[in-house]
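Every value quoted in this text rests on a predicted model; they were computed, and no experiment measured them.
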Amino acid sequence: MSYFRELLKNLDVLLLLLPFLLGVISVVMIGSTAYDGNFSFTGDMKVQIVAFGLGLGAVVVFLLIDYQILERIDKILYAAAILLLLAVYIPGLGSSQYGTLGWIDLGPVNLQPSEVVKAAFILVYASYLSRREEDLQSLRGLLLAGCYALPFIGLVVLQGDLGNALVYCVVTIVMIYYAGVKTRLYAKVALVGVLCIPLMYYLMDDYQKERIDAFLHPEDLSLEGNYQVWNSKVAIGSGGVTGKGLFEGTQKELDFLPVQESDFIFSVIVEELGLIGGLTVLLLYVLLLWRIAKIAGNAKDMPGALIAVGALAMFFFQIFENIGMTMGVMPVTGITLPFISYGGSSVVTNMAVVGLVLTVGIRSKVINF
């Protein structure tokens, strides 16, 4: 117990507090999306609060467990994660939402495996890459590293969840690069990947192609998503510096904004709280990314550093993609805004990833007695 108390002296308190500060914003703004003249404590708000409570439990568990112990069972975690992704295909258990067959119906709650598995993926991939640093210097080793991540990406793509598939791709790309692959070899493989984009577009489902087409032709409001993005930009622009006031957003109130409690919640924030509110959220995210990057730099070993780098890549891309799509500078993919968008699976997963980073941080310094 004294050892654990010594470890807690290394705890990054700011990184622990930031998700809860963002959580306060989340609960308030989710309440705003349901506001109809009288404030009420909605079911969505309750779910979000419970999710943060469960997420805190996940953080505590990871703080108690040395990530090096988790590395030793990476094969078990890998298999369990794949089985969880496959569980959506079990009749009577898997369910579809928003055109994605990526949910498990557990009665009172729905679980989204593609979200939950992110934490496990970062952990097992960090373990894999740290054991094969030398192999990554060859094309064969680099391709094998890509193949290790392919089942995760492939299953999420098959479920129709293009947004989370992109998250897994970004995390994979960044972690491989940080693991020490030769820059020239990495660039050659990346170039081949870029050249394959037209083929990937051809293999997409029609609704996914339409989202890409909409992004490339933002002036065509007949394309799926463009009208919603246009209203999102109107909401953001109309907020001005100080906003229209909490609960007073007109684009939100008139239901011009789609999925406003989740995908487009940043638009609601800026419409009601203005540029000041939007910049405050961005500042909190910058602090979050900075603390994770600092832990990555101070990690005592490569597995720990890779865990933090994977978390950094995951959070950065999700923040950039979500806010970018509300402004029309990124395609609409359904990626949630970390810790703010409504979604129990997303919140618990994000908290678990923070817990992984924190356990790397508290064990980055030698404890002497």
*Calculate, to the nearest 0.5 Å, the distance between atoms CD1 and OH belonging to Ile173 and Tyr186 respectively.*
5.5 Å

_Grouping I, L, V, M, F, W and Y whenever their side-chain heavy atoms are under 4.5 Å apart, do Leu85 and Ile90 come out in a common cluster?_
yes

*With side chains defined as the heavy atoms from C-beta onward, is the minimum distance between Leu158 and Tyr89 less than 4.5 Å?*
yes

*Run the side-chain hydrogen bond (donor to acceptor under 3.5 Å, both in side chains) check on Gln260 and Ser267 step by step: do they pass?*
CA-CA 8 Å; Gln260 52 190 247; Ser267 308; over 6 Å; no

_Please evaluate residues Leu356 and Val360 with respect to the criterion side-chain contact (heavy atoms from CB on, under 4.5 Å), reporting the C-alpha separation (whole Å), side-chain torsions for both, the decisive distance (0.1 Å), and the verdict._
CA-CA 6 Å; Leu356 278 174; Val360 171; 5.8 Å; no

*Honestly curious: do Leu279 and Val268 fall in one hydrophobic cluster under the side-chain, below-4.5 Å linking rule?*
yes

*Could you grab the distance from atom CG of Asp263 to atom CG of Leu257, nearest 0.5 Å is fine?*
11.0 Å

*Could you go through the side-chain hydrogen bond (donor to acceptor under 3.5 Å, both in side chains) check for Ser364 and Asn298 one step at a time?*
CA-CA 6 Å; Ser364 62; Asn298 292 334; 5.9 Å; no

*asked:* Which heavy atom of Ile236 sits nearest to which heavy atom of Met327, and what is that distance?
replied: CD1-CG, 4.0 Å

*Can you tell me how far CG of Leu306 sits from CE of Met175, rounded to the nearest 0.5 angstrom?*
5.0 Å

*Check against side-chain hydrogen bond (donor to acceptor under 3.5 Å, both in side chains), Lys118 and Gln318*: CA-CA 12 Å; Lys118 287 176 185 174; Gln318 290 187 176; 2.5 Å; yes

*Main-chain N/O of Gly31 paired to Thr42 side chain as donor or acceptor, under 3.5 Å*: no

*Transitive ILVMFWY side-chain link Tyr177 to Leu139, under 4.5 Å*: yes

*Got a donor-acceptor contact below 3.5 angstrom from the Arg363 side chain to the Leu63 backbone?*
yes

*Quick one: do Thr336 and Glu115 satisfy side-chain contact (heavy atoms from CB on, under 4.5 Å)? Show the steps, please.*
CA-CA 10 Å; Thr336 56; Glu115 280 286 352; 3.9 Å; yes

_Any side-chain heavy-atom pair of Ile49 and Phe52 under 4.5 Å_ = no

_Heavy-atom pair of closest approach, residues Asn10 and Gly361_ = CB-O, 4.2 Å

_Can you confirm whether or not the ring centre of Tyr148 sits under 6.0 Å from the ring centre of Tyr78?_
yes

*Rounded to the nearest 0.5 Å, what separation is found between the CE atom of Met45 and the CD atom of Glu261?*
13.0 Å

_Is it the case that over 12 heavy atoms from other parts of the model lie below 6.0 angstrom from the NZ atom of Lys233?_
yes

*Exam field: side chain Ser232 to backbone Thr326, donor-acceptor pair closer than 3.5 Å*: yes

_Phe317 vs Val171 side-chain heavy atoms within contact, under 4.5 Å_ = no

*So do the side chains of Glu271 and Ser238 get within less than 4.5 Å of each other, counting heavy atoms only?*
yes

_Please check: side-chain N/O of Gln137 versus main-chain N/O of Gly180, any donor-acceptor pairing under 3.5 Å?_
yes

*asked:* So, taking the atom named CD1 in Ile265 and the one named CG in Asn322, what distance separates them when rounded to the nearest 0.5 Å?
replied: 9.0 Å

*pair Tyr67-Asp301: side-chain heavy atoms closer than 4.5 Å*: yes

_Sub-4.5 Å side-chain heavy-atom contact between Val229 and Met325_ = no

_Hydrophobic clusters here meaning ILVMFWY residues chained together by side-chain heavy-atom distances under 4.5 Å, can you tell me if Ile276 and Phe266 are in one?_
no

*Please test Val354 against Leu15 for side-chain contact (heavy atoms from CB on, under 4.5 Å), starting from the C-alpha separation and ending with a verdict.*
CA-CA 8 Å; Val354 167; Leu15 179 56; 4.2 Å; yes

*Salt bridge flag under 4.0 Å for residues Arg131 and Asp74*: yes

_Distance check, rounded to the nearest 0.5 Å: Leu17 atom CG versus Asp12 atom CG?_
9.0 Å

*Does one hydrophobic cluster hold both Leu14 and Leu312, with members joined at side-chain heavy-atom distances below 4.5 Å?*
yes

*Of all the heavy-atom pairs spanning Ile323 and Leu282, show the shortest one and how long it is.*
CD1-CD2, 3.5 Å

*Can you check whether Gly355's main-chain N or O pairs, donor with acceptor, with Thr359's side chain at less than 3.5 Å?*
no

*Any donor-acceptor N/O pair, Thr172 side chain to Tyr168 backbone, under 3.5 Å*: yes

_Quick check: do Met314 and Asn350 have side-chain heavy atoms less than 4.5 Å from each other?_
yes

*asked:* Could you walk me through whether Leu123 and Ile307 satisfy the side-chain contact (heavy atoms from CB on, under 4.5 Å) test, starting with their C-alpha distance in whole Å, then the side-chain angles of each, then the deciding distance to 0.1 Å, before giving a yes or no?
replied: CA-CA 6 Å; Leu123 181 62; Ile307 288 172; 3.6 Å; yes

_If I compare all heavy atoms of Ser262 with all of Tyr342, which pair ends up nearest, and what's the gap?_
OG-O, 3.7 Å

*Exercise: identify the closest heavy-atom pair between Phe339 and Ser26*: O-CB, 3.3 Å

_Tell me whether the count of non-hydrogen atoms from other residues, nucleotides or ligands lying under 6.0 Å of CZ in Phe247 goes above 12._
yes

*State, yes or no, whether a side-chain contact exists between Ile269 and Ile25 at a heavy-atom distance under 4.5 Å.*
yes

*Of all heavy-atom pairs between Ala299 and Ala305, which one has the smallest distance, and what is that distance?*
CB-N, 3.4 Å

*Just by distance, do the side chain of Ser346 and the backbone of Gly343 share a donor-acceptor pair under 3.5 Å?*
no

